[in-house]
Amino acid sequence: MFAIQESDKGASFAVRVHPRAKKNAITGELGDALKISLTTPPTEGRANEACLEFLAKLLKVPRGSVTIASGLTSRNKVIRVAGVTAELVRQRLG
């Protein structure tokens, strides 16, 4: 089960992004990280933006609530979602 850290400001969790996939989807888990496939290429931040939009849609939160806390240029990222609990993230993504 992927790890979710909760704070008074929201929840954060690790993801492993696979760009240039056939479709946008959650494809499983890798250690403590959630594996996400995205159709966009990793150039000019497009995969990062697609990742944030995809997660905002799945979590049913505004796009501005979802940010990348670390890993802007890596496939391994930490996503922070403001105003949600770890339980809500687990229900909607798990």
Side-chain angles (χ1 to χ4, degrees):
M1 182 100 18
F2 70 101
I4 303 171
Q5 290 76 40
E6 188 171 343
S7 70
D8 57 341
K9 296 182 180 182
S12 60
F13 54 94
V15 298
R16 169 81 177 181
V17 177
H18 175 235
R20 292 191 177 123
K22 290 184 180 183
K23 64 180 183 174
N24 292 341
I26 294 176
T27 57
E29 297 178 16
L30 183 63
D32 287 343
L34 191 63
K35 287 174 37 179
I36 298 176
S37 294
L38 300 169
T39 58
T40 55
T43 55
E44 299 172 3
R46 290 190 287 180
N48 286 341
E49 189 59 35
C51 179
L52 297 176
E53 288 176 13
F54 177 67
L55 289 170
K57 184 178 178 182
L58 287 178
L59 293 168
K60 300 176 186 169
V61 297
R63 162 56 192 89
S65 296
V66 184
T67 57
I68 297 175
S70 67
L72 280 173
T73 59
S74 172
R75 288 182 180 210
N76 298 314
K77 302 175 185 311
V78 175
I79 304 296
R80 183 173 296 136
V81 186
V84 299
T85 63
E87 181 62 29
L88 180 82
V89 171
R90 188 154 317 280
Q91 286 175 359
R92 294 190 177 163
L93 295 182

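Numbers here simply count residues along the sequence, with the first being 1. All heavy atoms count here, side chains included; hydrogens, waters and symmetry mates do not.
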- Note on the structure: Given the options Cys51, Pro41, Ser37, Pro42, Pro19 meets side-chain contact (heavy atoms from CB on, under 4.5 Å) only with Pro42
- Can you name the side-chain hydrogen bond (donor to acceptor under 3.5 Å, both in side chains) partners of Thr73, sequence neighbours left out? none
- Note on the structure: Asp32 meets the side-chain contact (heavy atoms from CB on, under 4.5 Å) criterion, sequence neighbours left out, with Ala3
- Query: Tell me, which pairs form a salt bridge (Lys or Arg N to Asp or Glu O under 4.0 Å) where one or both residues lie in residues 64-82, sequence neighbours left out?
  - Reply: none
- Partner residues of Glu6 under the side-chain hydrogen bond (donor to acceptor under 3.5 Å, both in side chains) criterion, sequence neighbours left out: none
- Item | Contacts of type side-chain hydrogen bond (donor to acceptor under 3.5 Å, both in side chains), residue Arg92, not counting sequence neighbours | none
- Message: Test of understanding: with side-chain hydrogen bond (donor to acceptor under 3.5 Å, both in side chains), list the residues that count as partners of Arg16, not counting sequence neighbours.
- Response: Asn76
- Residues pairing under salt bridge (Lys or Arg N to Asp or Glu O under 4.0 Å) where one sits in residues 51-73, two or more places apart or in two chains, turn out to be Glu49-Arg63
- Give a yes or no on whether Glu44 atom CD has more than 12 heavy-atom contacts from other residues, nucleotides or ligands under 6.0 Å away. no
- Item | Hydrophobic cluster partners of Val81 (side-chain heavy atoms under 4.5 Å) | Phe2, Ile4, Phe13, Val15, Val17, Ile26, Leu34, Ile36, Leu38, Leu52, Phe54, Leu55, Leu58, Leu59, Val61, Val66, Ile68, Leu72, Ile79, Val84, Leu88, Val89, Leu93
- Message: Quick check for you: to the nearest 0.5 Å, what is the distance between Gln5 atom CD and Ser12 atom OG?
- Response: 4.5 Å
